[in-house]
Protein chains: 2
Amino acid sequence: MKPSHFEVTPACTAVHHILTRVGDKWTVLVVNYLGNRSMRFNELKRAINGISQKMLTSTLRGLERDGFVTRTVYPTIPPRVDYELTDLGRDLLVPLRGLGDWAIKNEQRVSEARARFDAAHDAGVRPGFADAAE
Amino acid sequence: MKPSHFEVTPACTAVHHILTRVGDKWTVLVVNYLGNRSMRFNELKRAINGISQKMLTSTLRGLERDGFVTRTVYPTIPPRVDYELTDLGRDLLVPLRGLGDWAIKNEQRVSEARARFDAAHDAGVRPGFADAAE
DNA sequence: CGGTATCCCCTCAGATACTG
DNA sequence: CAGTATCTGAGGGGATACCG
């Protein structure tokens, strides 16, 4: 009856891995934008607003490396490069949206909890009066 | 109208937020362990193997602040502190497991893609044999 | 046992400049 | 247009020492 001891290690290694992969500053944004349609480099850059050239490049390289996006170069002048989600990338979008839905639904609860915690610690660095009834 | 222009910003802001929150080095591991049962501080520390006192503390504080875990102090000697997932924390586990399942299922595909990419770039820093035309 | 405080390293990420 | 190269600052994260 101890499902409490079920294998946590392989699962959370995998979770941690994908989360590390996808949990950086820009990856999710890029994947979400590409979830709509394929986009060019500067198009993405303009869309994301705040990302630097360097970070967009390395984010896209990482996603390409892991098989989440394809990079298509048109050797025209000026050059044109299209980025598009692969099947794997679109597949990833599913659990990602799942987490996104959760995040949207529970945003409020989290910020409330946070406010409560902060209040208790701003006023309560010196605790002792909150528990008058204690 | 243009579904290609549908609201990506609020969704991916929320996704990015939760992912940043949960995407650090240890949070997922801690949440997964606590998903099984409540645990004491050093119990977690031993279980996770590699985490420093400092990081375990700050990870747990962060989770407590956001309402994902409760911290229960027993003022005995020696002291005893139990950490346990809240409802919100257990709730979070659902989409997290979803992502975990995805990660486990697709681990292979990702590492294959990565191997392909790396091979193409180790051997192919100088490309040109893929197209025999050269 | 369960922390906090301090130091320090190392990577991430931004700004800037240059290239094909 | 689509990058690469280099420098720099901020902060995540580890080791160590100390406290209640």
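Values below: all heavy atoms of this structure, side chains included; hydrogens, waters and symmetry mates excluded. Numbered from 1 within each chain, the chains take letters A, B, ... in sequence-line order.
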Measure from [atom1] on [X] to [atom2] on [N] and round the result to the nearest Å.
X: A/Asp24; N: D/dG12; atom1: CG; atom2: P; answer: 15 Å
X: B/Leu44; N: C/dG2; atom1: CG; atom2: P; answer: 10 Å
X: A/Met55; N: C/dT11; atom1: CE; atom2: C1'; answer: 11 Å
X: A/Leu56; N: D/dT4; atom1: CG; atom2: P; answer: 11 Å
X: A/His121; N: C/dG3; atom1: NE2; atom2: C1'; answer: 14 Å
X: A/Trp26; N: C/dG14; atom1: CH2; atom2: P; answer: 5 Å
X: A/Ile51; N: C/dG14; atom1: CD1; atom2: C1'; answer: 11 Å
X: B/Ile48; N: C/dG2; atom1: CD1; atom2: P; answer: 14 Å

Check DNA chain C against residues 57-85 of chain A and give the residues with a non-hydrogen atom under 4.0 Å, in numerical order.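 Contacts with DNA chain C under 4.0 Å: A/Pro79.
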Any B/Arg40 side-chain N or O less than 4.0 Å from OP1/OP2 of C/dG2: yes
With respect to the phosphate group of D/dG14, does any side-chain polar atom (N or O) of B/Lys25 fall under 4.0 Å of OP1 or OP2?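 So the side chain of B/Lys25 is within the cut-off, an N or O lying under 4.0 Å from OP1 or OP2 of D/dG14.
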Applying side-chain contact (heavy atoms from CB on, under 4.5 Å) between B/Val31 and each of B/Val22, B/Thr59, B/Leu96, B/Val69, report the one that passes. B/Leu96
For the residue pair B/Leu60 and B/Phe41, establish whether any side-chain heavy-atom pair is separated by less than 4.5 Å.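 A side-chain contact under 4.5 Å exists here.
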Choose from D/dA2, D/dG13, C/dG2 the nucleotide whose nearest atom is closest to any side-chain atom of B/Asn42. C/dG2
Out of the candidates A/Arg71, A/Arg40, A/Glu43, only one should pair with A/Tyr83 under the side chain to side chain donor-acceptor pair (under 3.5 Å) rule; please name it. A/Arg71
Between the main-chain N or O of [Y] and the side-chain N or O of [X], is there a donor-acceptor pair closer than 3.5 Å?
X: A/Thr70; Y: A/Thr86; result: no
X: B/Asn32; Y: B/Val28; result: yes
X: B/Arg21; Y: B/Gly62; result: yes
X: A/Asp24; Y: A/Trp26; result: yes

Determine the contact category for A/Lys54: base if any of its heavy atoms lies under 4.0 Å from a base atom, sugar-phosphate if only primed atoms, P, OP1 or OP2 are that close, otherwise nothing.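 Base: the residue A/Lys54, judged by heavy atoms under 4.0 Å, touches a nucleobase.
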